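What you see is a predicted model; the values in this text were computed from it and never measured. In listed order, ligands and their atoms are each counted from 1.
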Amino acid sequence: MNITEILNKIGPSTLRRAQGSGTLGYTKEDLKTLLAAEGEDKKLLFAKALQSKLEHLDNYVHLRGLIEYSNVCTKYCLYCGVRSKNPNFERYTLSDEEVIECAKLAHELGYGSVALQSGERSDAAFVDKITYLVQEIKKIDNGSLGITLSLGEQTEETYRRWFEAGAHRYLLRIEASNEELYYKIHPRDEKHDFQTRLNCIDTLLKLGYQTGTGVMVGLPFQTLDDLADDLLFFKQKDVAMVGMGPFIPHPDTPLWQYRDQIPSAEQRMELTLKMIATLRLMMPEINMVAATANQTVDPQGREKAIAVGANVIMPNLTPNEFRENYLIYPDKACVNDKPDQCQTCLDVRLAAIGHKVLYNAWGDSVAFTKKH
Ligand code: SAH
């Protein structure tokens with residue numbers, strides 16, 4: 001089947017019918033063809049994805065003020081710069097006041113939501129602290145800020161406590177939905193168990209979080225088959241949000257040794273865009289983030305992601321002095337930007353591609369809102 005036939009097959013209206021009849025409406029082969037599209041075919045894919053997004057979600061971009069709460073981590077994922085086994089930088093945890101100040105700033109800037117992200121800890125003190133911080137953030141202007149958490153794998157009890165405290169979205173990327181690949185990018189031990197990660201995603205969905213997941217694109221050993229399966233995984237789990245960004249090798253991690261065996265930065269970027277565009281056609285109403293990793297690989301990376309189907313950006317609100325210690329990957333974009341500069345920069349950049357920020361709104365996933 002050629003690209004036009006496939007695109008017509010999985011176009012929005014066909015997809016709605018297919019969903020109604022309980023089938024997926026496309027095959028893994030179709031997805032692989034889309035992910036391999038080049039030249040005119042690729043342009044067609046991108047154009048169709050943008051059209052689908054504008055039809056379903058208009059040209060709005062939602063913001064989540066990102067607060068990188070702590071780089072203390074108990075895990076040692078093979079790709080991540082803040083893994084516990086990297087001694088080459090200082091560990092920090094923001095104070096309560098710093099977190100609340102960041103959240104207030106998000107509110108003042110009209111961001112509508114904050115996202116609290118951190119290295120992974122699950123001890124009682126950490127769980128209590130996050131519960132407290134969520135409650136405090138909720139007090140700002142009578143609960144006007146939406147709260148997304150991205151704090152790794154936790155027990156059902158913990159996820160429930162944080163939900164009851166007021167968090168309503170949770171990001172937990174599966175990183176790789178193929179178990180074999182998962183263990184090539186994580187140590188094979190009880191701290192990095194694939195089944196546990198899957199169970200966590202199911203628990204978040206069950207508890208009623210707007211649940212987000214995602215993968216890195218261009219990992220060593222990753223194939224187009226894997227990426228097509230990742231897309232099918234998102235669809236099958238019927239998640240509300242997805243985040244995908246190019247893998248960026250970090251010199252202090254074990255995967256650094258494969259840096260010459262992965263696609264070039266440009267190819268990883270292009271593949272990420274094709275993943276975003278294809279998923280937009282498959283899941284027209286979910287929230288999809290234009291990850292900062294895109295901008296690190298390509299100065300225009302975030303706008304490019306928005307222009308092919310993403311609709312969320314997470315501007316960094318972490319106090320500047322800590323940002324250089326939250327380097328999950330090297331050369332992270334915006335490490336030296338100040339929040340107000342960041343806002344002007346975003347407005348201008350988005351206007352240039354015919355989009356605009358929807359200020360002072362939570363910007364919930366339309367897919368999720370309709371389902372519930
Ligand atoms: N501890 C939290 C947050 C992790 S950081 C958790 O486990 O969910 C957020 C995301 O950054 C990760 O899910 C991963 O997909 C991405 N990431 C980590 N290292 C990266 C790298 N070297 N290149 C690109 N993305 C990376």
Side-chain angles (χ1 to χ4, degrees), residues 64 66-86 89 91 93 115-122 126 130 148-154 158-159 162 167 169-177 181-182 184-187 191-194 196-198 200-201 203-204 209 211-220 222 227 230 234 239 241-259 262-263 265 268-269 271-272 275 289-298 301 305 314 316 318 323 325-333:
R64 321 281 182 233
L66 176 64
I67 308 172
E68 293 159 333
Y69 174 58
S70 172
N71 62 2
V72 177
C73 193
T74 54
K75 295 175 89 173
Y76 30 94
C77 306
L78 304 181
Y79 44 83
C80 184
V82 306
R83 64 201 306 270
S84 59
K85 295 187 178 180
N86 179 5
F89 62 94
R91 301 280 167 174
T93 299
L116 201 58
Q117 190 177 80
S118 175
E120 197 166 308
R121 278 176 58 189
S122 51
F126 181 79
I130 297 296
T148 307
L149 298 180
S150 175
L151 307 168
E153 295 165 23
Q154 305 290 342
T158 298
Y159 285 147
W162 292 345
R169 306 187 188 109
Y170 204 102
L171 304 171
L172 187 72
R173 288 187 179 179
I174 186 68
E175 315 295 1
S177 64
L181 178 59
Y182 188 87
K184 287 182 177 155
I185 62 168
H186 296 93
K191 263 192 195 310
H192 302 81
D193 185 61
F194 179 68
T196 304
R197 202 151 185 98
L198 279 179
C200 282
I201 293 173
T203 302
L204 291 164
Y209 277 98
T211 303
T213 189
V215 294
M216 285 170 284
V217 179
L219 286 163
Q222 189 183 49
L227 290 169
D230 289 336
F234 305 149
V239 292
M241 321 183 290
V242 170
M244 296 182 282
F247 164 63
I248 304 170
H250 190 299
D252 297 332
T253 63
L255 289 192
W256 177 250
Q257 64 186 298
Y258 302 109
R259 67 193 175 284
I262 57 172
R268 279 176 276 141
M269 181 73 213
L271 201 47
T272 301
M275 285 289 280
V289 67
T292 311
N294 290 301
Q295 202 187 353
T296 297
V297 164
D298 176 340
M314 296 169 69
N316 199 340
T318 312
R323 287 188 199 181
N325 283 322
Y326 197 84
L327 293 186
I328 44 187
Y329 45 81
D331 303 321
K332 211 160 135 221

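Listed by number with element, the atoms of ligand 1 under 4.0 Å from a non-hydrogen atom of I328 are 5 (S), 11 (O), 19 (N), 22 (N). In summary, the atoms of ligand 1 found under 4.0 Å from a heavy atom of G152, numbered by their order in the structure, are 2 (C), 6 (C), 7 (O), 8 (O). For ligand 1, the atoms sitting less than 4.0 Å from at least one non-hydrogen atom of E120 are 7 (O), numbered in the order shown with element in parentheses.
Atom 19 (N) of ligand 1 has Y79 CD1, 3.4 Å as its closest protein atom, hydrogens excluded (heavy atom only).
Here the two rings, on H192 and Y76, have centers that are under 6.0 Å apart.
The part of S118 lying near ligand 1 is the backbone, judged by heavy-atom distances below 4.0 Å.
Nearest residue to atom 8 (O) of ligand 1 from E153, E175, R173, R197 is R197 (criterion: closest heavy atom). With distances taken over non-hydrogen atoms, the option nearest atom 24 (C) of ligand 1 out of P246, G245, G243, S150 is P246. With K332, M216, Q117 as candidates, the residue nearest to atom 25 (N) of ligand 1 on a non-hydrogen basis is M216. In this structure, of I248, T74, I174, the residue bringing a heavy atom nearest to atom 22 (N) of ligand 1 is I248.
The CG atom of L116 lies 9.5 Å from the OH atom of Y170; values are rounded to the nearest 0.5 Å. Between the NE2 atom in H250 and the SG atom in C77 there is a gap of 13.0 Å [rounded to 0.5 Å].
For atom 4 (C) of ligand 1, the nearest protein heavy atom lies 4.0 Å away or farther.
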Could you please spell out the steps behind the side-chain contact (heavy atoms from CB on, under 4.5 Å) verdict for N71 and F89? CA-CA 10 Å; N71 62 2; F89 62 94; 3.2 Å; yes

Pair R197, E153 - check salt bridge (Lys or Arg N to Asp or Glu O under 4.0 Å), show working. CA-CA 7 Å; R197 202 151 185 98; E153 295 165 23; 2.8 Å; yes

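Using modelled atom types, one finds no donor on one side chain facing an acceptor on the other under 3.5 Å when comparing D331 with T296.
Annotation for M216 and E175: closest pair CE-OE1, 3.5 Å, computed over non-hydrogen atoms.
Using a 4.5 Å heavy-atom cutoff, the side chains of L149 and W162 are in contact.
Ligand 1 has no nitrogen or oxygen under 3.5 angstrom from a nitrogen or oxygen of Y329.
Residue contacts with ligand 1: A293 is excluded, as none of its non-hydrogen atoms falls under 4.0 Å.
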